[in-house]
Amino acid sequence: AAGDPVPSIPDEMVFVVGDTLLVRNEDRVDHELGPLWVPAGSSASLVLEQPRKFRYACSFQNTKYLGIDVRQPTTWSTRITALAVASPATAIFIFIYSILVWPLKPE
């Protein structure tokens, strides 16, 4: 609003449940981000407690909105499941590529 360059804020942001979004207003005018009113030169924070997609009114953006995607955190069980699913395909690809690098010798 003061004629300074517009900050580079993505239209969509991804967070994990329990994250805290800290908004610092370094402008000379007051701004709004959803439930947060951020006076000029101050900051406000929002704790993200639920996994869901939010679309907040945002006076920081030219589009006047900001999308926030809050996801469940990754657990050990999801990591182990992903590893179990990816391992067989990875092993097959490594085997095929190893044949290209070190071809089998005919007897």
Side-chain angles (χ1 to χ4, degrees):
D4 294 334
V6 177
S8 176
I9 302 173
D11 290 336
E12 298 282 331
M13 294 188 194
V14 178
F15 295 92
V16 176
V17 171
D19 283 351
T20 301
L21 175 61
L22 175 65
V23 180
R24 286 188 357 205
N25 184 357
E26 297 177 352
D27 201 351
R28 294 183 185 114
V29 296
D30 299 344
H31 283 286
E32 172 191 8
L33 174 61
L36 301 177
W37 181 254
V38 191
S42 67
S43 63
S45 63
L46 177 66
V47 178
L48 305 168
E49 299 173 333
Q50 301 176 37
R52 61 184 267 208
K53 291 188 177 212
F54 297 95
R55 180 160 283 202
Y56 287 132
C58 177
S59 62
F60 288 97
Q61 295 281 72
N62 292 337
T63 59
K64 300 297 181 197
Y65 82 92
L66 178 69
I68 297 178
D69 186 7
V70 182
R71 299 179 181 174
Q72 286 287 353
T74 303
T75 63
W76 280 106
S77 64
T78 56
R79 291 173 191 230
I80 290 171
T81 302
L83 186 61
V85 169
S87 293
T90 303
I92 291 169
F93 286 129
I94 290 172
F95 173 72
I96 291 172
Y97 290 136
S98 71
I99 291 175
L100 294 174
V101 174
W102 301 286
L104 297 174
K105 297 179 183 176
E107 293 183 87

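The structure displayed is predicted, hence computed values, not measured ones.
- The minimum heavy-atom distance linking Ser45 with Thr20 is given by the pair CB-CG2, 3.8 Å.
- Annotation: side chain of Ser59 is in contact with side chain of Glu32 (closest heavy-atom distance under 4.5 Å).
- Thr81 places a side-chain N or O within 3.5 Å of a backbone atom of Ser77 that can act as its donor or acceptor partner.
- When hydrophobic clusters are built by joining Ile, Leu, Val, Met, Phe, Trp and Tyr residues whose side-chain heavy atoms come closer than 4.5 Å, directly or via intermediates, Val17 is grouped together with Met13.
- In the hydrophobic clustering of ILVMFWY residues, with side-chain heavy atoms under 4.5 Å counting as a link, Tyr65 and Phe54 come out apart.
- Asp27 contributes no side-chain N or O that, together with a main-chain N or O of His31, makes up a donor-acceptor pair within less than 3.5 Å.
- A heavy-atom distance below 4.5 Å is found between the side chains of Arg71 and Val14.
- A distance-only check finds no donor-acceptor pair linking the side chain of Asp69 to the backbone of Lys53 [under 3.5 Å].
- Here the closest non-hydrogen pair linking Trp37 and Ala44 is O-CB, 4.5 Å.
- Here the side chain of Ser87 pairs no donor or acceptor atom with the backbone of Ala84 at under 3.5 angstrom.
- Here the closest non-hydrogen pair linking Ser43 and Val38 is CA-CG1, 4.1 Å.
- Side-chain contact between Leu66 and Leu33: present, with at least one pair of heavy atoms (C-beta onward) separated by less than 4.5 Å.
- You'll find the side chain of Phe15 stays beyond 4.5 Å of the side chain of Leu46, heavy atoms only.
- The shortest non-hydrogen separation linking Pro51 to Gln72 is CG-NE2, 3.3 Å.
- Residues Trp102 and Ile94 fall into different hydrophobic clusters, defined by Ile, Leu, Val, Met, Phe, Trp and Tyr side chains chained together at heavy-atom separations under 4.5 Å.
- Residues Asn25 and Pro39 are not in side-chain contact: their nearest non-hydrogen atoms beyond the backbone lie 4.5 Å or more apart.
- In this structure, Gln50 and Val70 approach most closely via the heavy-atom pair O-CG1, 3.2 Å.
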